[in-house]
Amino acid sequence: MKQHNTEALRQQDAAHHLHPFSDMQSLNQQGARVITHADGIYLWDSEGNKIIDGMAGLWCVNIGYGRKDLPEVAKKQMEELAYYNTFFKTTHPAVVELSTLLNEVAPQGFSHVFYTNSGSESVDTMMRMVRRYWDVQGKPQKKTLIGRWNGYHGSTIGGASLGGMTYMHEQGDLPIPGVVHVEQPWWYKHGKDMTPDEFGLQAARWVEEKILEIGADKVAAFVGEPIQGAGGVIIPPATYWPEVERICRKYDVLLVADEVICGFGRTGEWFGHQTLGFRPDIFTTAKGLSSGYLPIGAVFVGDRVAEGLLAGGDFNHGFTYSGHPVAAAVAQANVRALRDEGIVERVKNETGPYMQKRWRETFGNFAHVDDIRGVGLIQAFTLVKDRSKRELFPDWGEMGMKCRDIFFRNNLIMRACGDHIVSAPPLVISKEEIDKMLDVAARCVETFEKEVLF
Ligand SMILES: *Cc1c(COP(=O)(O)O)cnc(C)c1O
């Protein structure tokens, strides 16, 4: 293994590299941790520490690190056709083959995909697409998109607007006009004395109220993550999505699922809306599509919207790297492996249920851990002040960050989203590795309760 000079890398990183979503000055003082290589569910840093990656990178390395086949595919494709575009009456085998494969793994009625390079670009593409769709239908006034508070849809101006992260809106006058938000379906905080099922219907009615407030003739689409990821793995009650779907149909509002995290097996089905029990008109993907081996995203367009777009003449939208041959070839190999090696199926029948059982056992007896939840291989719990009253800590996010730092020190990566502690490991994680990860995590939460809270 190549030797790295950690101090020199840290200094040069601090001098020349602006980190996303970071307090850069304080990071530069601490020095970033230098990750040098990875295999399976493990990362290594430049000081030789072996780290369990309980987050699959940024929720994306579904197939695990260190695959030997994907680089081979990339090399071969790069030698054969490193790049060509698909704008002007051309196509290429890699993008055609990927599209055909995606049609096989997608639910019925999603015959077409549009390619991007990231989740944010998928979301922006979808936003332009739904507006274009209504234009073609002769309803150009149907423009408003409804997102949700604490939803995450990326960092571009469109995606950050549609997302409901107020700390993002604050930086740069977002949201843009034509984007509005409703409250998230987070029972623990907003459910009051309702049962989760009652609350799910209530939260869906917030969508209906917003549609009526704006006027159904002005609303283009409602957009939500089947399970909110970056918002802290908020899993809506079972009643929520079917009711949202009914409402969208009633008012002829397009229903969009942002599957950037939930897609490609994370919840045990290929796509999160299949687990959550609803049928969108469009869904956006990225992350697990290539398991992070190369940047690529895809918008899956349902037949109704696709027919509208096809009838409308030019759709004036696209990226230089839409359907990039190398990314498309790697995505194809990744999706084939997720399917043909039974990885998605194993999440559904074996490792997912095992994780959920062990996750609940492991964290069920801590005084300040509550709302222990998850499905497939996406799970979370919330650090709370008083379980008996469903009372959160006063300074939202402070405890989460402290707990997260203890994991990090102990060579386990889990993430804090506010005081939600979340995990989404590579889908190839074994039962033994789940046990190992949870042993470390339990010791860390013990330390947290002892050292931080008392
Ligand atoms: C990560 C994420 C995005 C943004 O994807 P990028 O590739 O970072 O642009 C959009 N939507 C959801 C649900 C995500 O989790």
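Every number for a ligand or one of its atoms is a count from 1 in the order of the listing. We number each residue from 1, following the sequence as shown.
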- [ ] Would you mind listing which atoms of ligand 1 come within a distance below 4.0 Å of any non-hydrogen atom of E225?
- [x] 13 (C)

Task: Subset of ligand 1 atoms that lie under 4.0 Å from at least one heavy atom of H153 - done: 10 (C), 11 (N)

- [ ] With sequence neighbours excluded, give me every salt bridge (Lys or Arg N to Asp or Glu O under 4.0 Å) pair touching residues 149-174.
- [x] none

- [ ] Tell me which protein heavy atom sits closest to atom 6 (P) of ligand 1, plus the residue, atom name and distance to 0.1 Å.
- [x] G119 N, 3.4 Å

Task: Per-atom contacts of ligand 1 with S120, taking only distances under 4.0 Å to non-hydrogen atoms - done: 4 (C), 5 (O), 6 (P), 9 (O)

- [ ] Could you list which atoms of ligand 1 come closer than 4.0 Å to a heavy atom of S118?
- [x] 7 (O), 9 (O)

Task: Subset of ligand 1 atoms that lie under 4.0 Å from at least one heavy atom of D258 - done: 10 (C), 11 (N), 12 (C), 13 (C)

TODO: Examine ligand 1 and decide if any of its atoms is less than 4.0 Å from a heavy atom belonging to Q228.
DONE: no

TODO: Give, for atom NZ of K143 and atom CG of D135, the distance between the pair rounded to the nearest 0.5 Å.
DONE: 5.0 Å

Task: F381 and H420 aromatic centres sub-6.0 Å - done: no

Task: Chi angles and distances behind the ring pair (Phe, Tyr, Trp, His ring centres under 6.0 Å) call for H190, Y188 - done: CA-CA 6 Å; H190 302 294; Y188 196 86; over 10 Å; no

TODO: Provide the number and element of each atom of ligand 1 under 4.0 Å from a heavy atom of I261.
DONE: 15 (O)

- [ ] Mind checking the CD-CG spacing from Q202 to D197? Nearest 0.5 Å is all I need.
- [x] 13.5 Å

Task: Residue, atom name and distance, where the atom is the protein heavy atom closest to atom 1 (C) of ligand 1 - done: K287 NZ, 1.6 Å

Open item on the list: Rounded at 0.5 Å granularity, tell me how far CG in D45 sits from CZ in R33.
Closed with: 4.5 Å

Open item on the list: Taking 4.0 Å as the limit for heavy-atom contacts, which would you say applies to W59 with ligand 1: side chain only, backbone only, both, or neither?
Closed with: neither

Task: Side-chain donor-acceptor pair present, D258, T284, cut-off under 3.5 Å - done: yes

